[in-house]
Amino acid sequence: MQTARKRRGFQASAQNSSAAALKDPSPPPKKKHFHLDLWLCLTLQNWILDFGRPIVMLILPLEWFPLNKPSAGDYFHMAYNVLTPFIMLKLIERSPKALPRPAVYLCIITFVMGASIHLVGDSINHRLLLSGYQLHLSVRDNPIIKDLKPDTLIDAFELLYYYDEQLGHLMWYIPFFIILLIYFCGCFTKAKEQRLPLSGWLLLGPSALYYWYLVTEGQISELFLLTLLCMAAVAVHQRRQGLGLDSNGQFLLLSFSLVVLLVGVWVAFLWDDPILRAKYPGLVYVPEPWSYYTLHIKPLH
């Protein structure tokens with residue numbers, strides 16, 4: 001009888017242990033997968049709708065898109081303004097960490113507003129290019145601008161330049177990098193450190209090359225470096241807490257690190273260019289690719 005009681009007691013203890021295991025509120029961390037679909041869509045639409053936007057405006061015949069109507073590049077820009085915030089919201093949704101939604105929504109709203117301001121300014125700027133405007137010169141030094149009468153028209157074009165190249169860029173790129181930084185902060189896990197998959201390594205080059213274009217053409221070197229430093233600081237802090245980067249965080253950090261190398265090569269290549277040096281004075285010298293195009297490549301055609 002005592003043996004039977006011991007057996008029943010052992011079975012009850014085993015059942016209680018199993019029930020406790022089922023009720024354990026801290027299951028082992030799940031492995032996070034690389035978001036190839038979102039990173040691929042973001043890279044493709046960046047290359048096609050943003051980088052390809054001015055190229056398609058130069059290639060397509062002018063008679064297809066009269067100067068008083070939106071150009072093909074304008075439609076590319078409109079599509080970019082819709083698709084990019086949508087993809088970034090999907091990225092935020094996939095973050096395993098609860099992120100500050102009000103900050104994300106405010107950044108998305110500001111991003112769309114800044115990109116829309118840039119759409120208008122860039123559309124008019126393209127028409128000026130077709131009329132002989134030279135990007136490597138300031139507004140007042142351009143031959144088609146400096147002879148305008150009355151002089152207040154020149155002030156109007158300088159205001160347009162401010163909305164296009166300064167205010168539009170700041171309202172476009174600051175929230176863009178803030179969202180990426182917020183997403184990066186959710187890319188840490190207690191699970192075994194993941195390796196970036198082959199698809200991520202293959203996408204790394206095109207992604208970094210686009211961000212190089214974004215940094216140089218957008219003139220946002222300081223903003224980009226600040227974002228990268230914040231990412232590095234967050235990574236060091238989380239590493240001390242025993243957390244490691246997942247594959248998505250590794251992809252972002254490696255892409256941004258490669259951009260620094262590409263920008264360094266670009267600056268070294270044009271370091272002794274006197275005309276571009278005069279166009280981009282100051283402590284940080286990073287010339288725009290399209291200024292290089294109108295100065296050195298376009299005159300050859």
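Model, not experiment: these values are computed from the prediction.
- Here the CG atom belonging to Leu170 is positioned 8.0 Å from the CG atom belonging to Leu223, to the nearest 0.5 angstrom.
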- Message: Does Asp164 form a side-chain contact (heavy atoms from CB on, under 4.5 Å) with Ile117? I'd like the steps, not just the answer.
- Response: CA-CA 7 Å; Asp164 179 18; Ile117 291 174; over 6 Å; no

- Message: Test side-chain contact (heavy atoms from CB on, under 4.5 Å) on Gln45 and Leu42; report intermediate values, then the result.
- Response: CA-CA 5 Å; Gln45 69 96 27; Leu42 185 62; 3.6 Å; yes

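- Phe111 has its side chain out of reach of Met171: every pair of non-hydrogen atoms, C-beta onward, lies at least 4.5 Å apart.
- A cation-pi arrangement is absent between Arg53 and Tyr80 under the rule of less than 6.0 angstrom and at most 45 degrees off the ring axis.
- Thr43 contributes no side-chain N or O that, together with a main-chain N or O of Leu40, makes up a donor-acceptor pair within less than 3.5 Å.
- Judged purely by distance below 3.5 Å, without hydrogens or angles, the side chains of Ser123 and Asp74 pair a donor atom with an acceptor atom.
- In plain terms, the two heavy atoms of Ile92 and Leu99 that are nearest each other are CD1-CD1, 3.8 Å.
- Under the 4.5 Å side-chain heavy-atom criterion for grouping Ile, Leu, Val, Met, Phe, Trp and Tyr, Leu44 is connected to Leu36 within one hydrophobic cluster.
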- Query: What's the verdict on side-chain contact (heavy atoms from CB on, under 4.5 Å) for Tyr133 and Asn125, showing C-alpha distance, side-chain angles and the deciding distance?
  - Reply: CA-CA 8 Å; Tyr133 188 85; Asn125 186 56; 3.9 Å; yes

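- Residue Ile108 is grouped with residue Ile178 when hydrophobic side chains (ILVMFWY) are merged at heavy-atom distances under 4.5 angstrom, including chains of intermediate members.
- Looking at Leu128 and Phe157, their side chains come closer than 4.5 Å, going by heavy atoms from C-beta outward.
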- Message: Assess the residue pair Arg127 and Asp122 against the criterion (salt bridge (charged side-chain N to carboxylate O under 4.0 Å, His left out)); give the C-alpha distance rounded to whole Å, side-chain angles, the decisive distance to 0.1 Å, and a yes or no.
- Response: CA-CA 9 Å; Arg127 280 128 182 90; Asp122 201 60; over 6 Å; no

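- Clustering ILVMFWY residues whenever any of their side-chain heavy atoms sit less than 4.5 angstrom apart, transitively, puts Tyr211 in the very cluster that holds Ile55.
- Under the 4.5 Å side-chain criterion, counting only non-hydrogen atoms from C-beta, Met88 is in contact with Phe176.
- Remark: Glu93 CD to His35 NE2 distance equals 11.0 Å, nearest 0.5 Å.
- Defined by atom type and a distance below 3.5 Å, a donor-acceptor pair is present between the side-chain atoms of Tyr280 and Glu288.
- Looking at every heavy atom in both residues, Phe65 comes nearest to Pro70 through CD2-O, 3.5 Å.
- Looking at Val260, Leu229, Val286, Thr216 one by one, the single match for side chain to side chain contact (heavy atoms under 4.5 Å, CB included) with Phe224 turns out to be Val260.
- Cluster annotation: Ile179 and Met113 are assigned to distinct hydrophobic clusters (Ile/Leu/Val/Met/Phe/Trp/Tyr, side-chain heavy-atom contacts under 4.5 Å, transitive).
- To the nearest 0.5 Å, atom CG of residue Leu209 and atom CG of residue Leu204 are 11.0 Å apart.
- One finds a salt bridge joining Arg140 and Asp155 here, because a Lys/Arg side-chain nitrogen approaches an Asp/Glu carboxylate oxygen to under 4.0 Å.
- Here the side chain of Asp246 pairs a donor or acceptor atom with the backbone of Asn248 at under 3.5 angstrom.
- Side-chain atoms of Gln238 do not come within 3.5 Å of backbone N or O of Gly244 as any donor-acceptor pair.
- Closest non-hydrogen pair, Phe251 versus Ser255, comes out as O-OG, 2.7 Å.
- No donor-acceptor distance shorter than 3.5 angstrom exists from the side chain of Ser207 to the backbone of Leu203, with no hydrogens or angles considered.
- The minimum heavy-atom distance linking Leu91 with Tyr183 is given by the pair O-CE1, 3.3 Å.
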- Item | Chi angles and distances behind the side-chain contact (heavy atoms from CB on, under 4.5 Å) call for Trp212, Leu258 | CA-CA 9 Å; Trp212 163 83; Leu258 184 55; over 6 Å; no

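- Annotation: side chain of Thr189 is not in contact with side chain of Leu243 (no heavy-atom distance under 4.5 Å).
- The closest side-chain heavy-atom distance from Leu276 to Leu295 is below 4.5 Å.
- Using modelled atom types, one finds no donor on one side chain facing an acceptor on the other under 3.5 Å when comparing Ser138 with Tyr161.
- Not a single donor-acceptor pair under 3.5 Å links the side chain of His118 to the backbone N or O of His169.
- With ring centers used as reference points, His33 lies 6.0 Å or more from Trp39.
- One N or O on the side chain of Tyr285 and one on the backbone of Leu270 form a donor-acceptor pair closer than 3.5 Å.
- In plain terms, the two heavy atoms of Leu160 and Gly121 that are nearest each other are CD1-CA, 3.8 Å.
- Cluster membership check: Val259 shares its hydrophobic cluster with Phe269, using side-chain heavy-atom separations under 4.5 Å among Ile, Leu, Val, Met, Phe, Trp and Tyr.
- A distance of 4.5 Å separates CZ in Arg277 from CH2 in Trp271, rounded to the nearest 0.5 Å.
- Using a 4.5 Å heavy-atom cutoff, the side chains of Ser116 and Asn81 are in contact.
- The shortest distance between side-chain heavy atoms of Leu167 and Tyr162 falls below 4.5 Å.
- The cationic atom of Arg195 (NZ for Lys, CZ for Arg) does not lie both less than 6.0 Å from the six-membered ring centre of Trp201 and within 45° of the ring axis.
- The closest side-chain heavy-atom distance from Glu222 to Val284 is below 4.5 Å.
- In this structure, CG in Leu181 is found 10.0 Å from SG in Cys107, a value given to the nearest 0.5 Å.
- Heavy atoms only, all atoms of each residue included: Ala115 and Trp172 are closest at N-CB, 4.1 Å.
- Note that CG of Leu119 is 9.5 Å distant from CD1 of Ile124, once rounded to the nearest 0.5 Å.
- Aromatic pair Trp266/Tyr292: ring centres closer than 6.0 Å.
- Between Tyr210 and Phe51, a ring centre-to-centre spacing not shorter than 6.0 Å is recorded.
- Between the side chains of Tyr213 and Asn46, no donor-acceptor pair is found at a separation under 3.5 Å.
- For Asp273 and His296, the side-chain atoms include at least one donor-acceptor pair closer than 3.5 Å.
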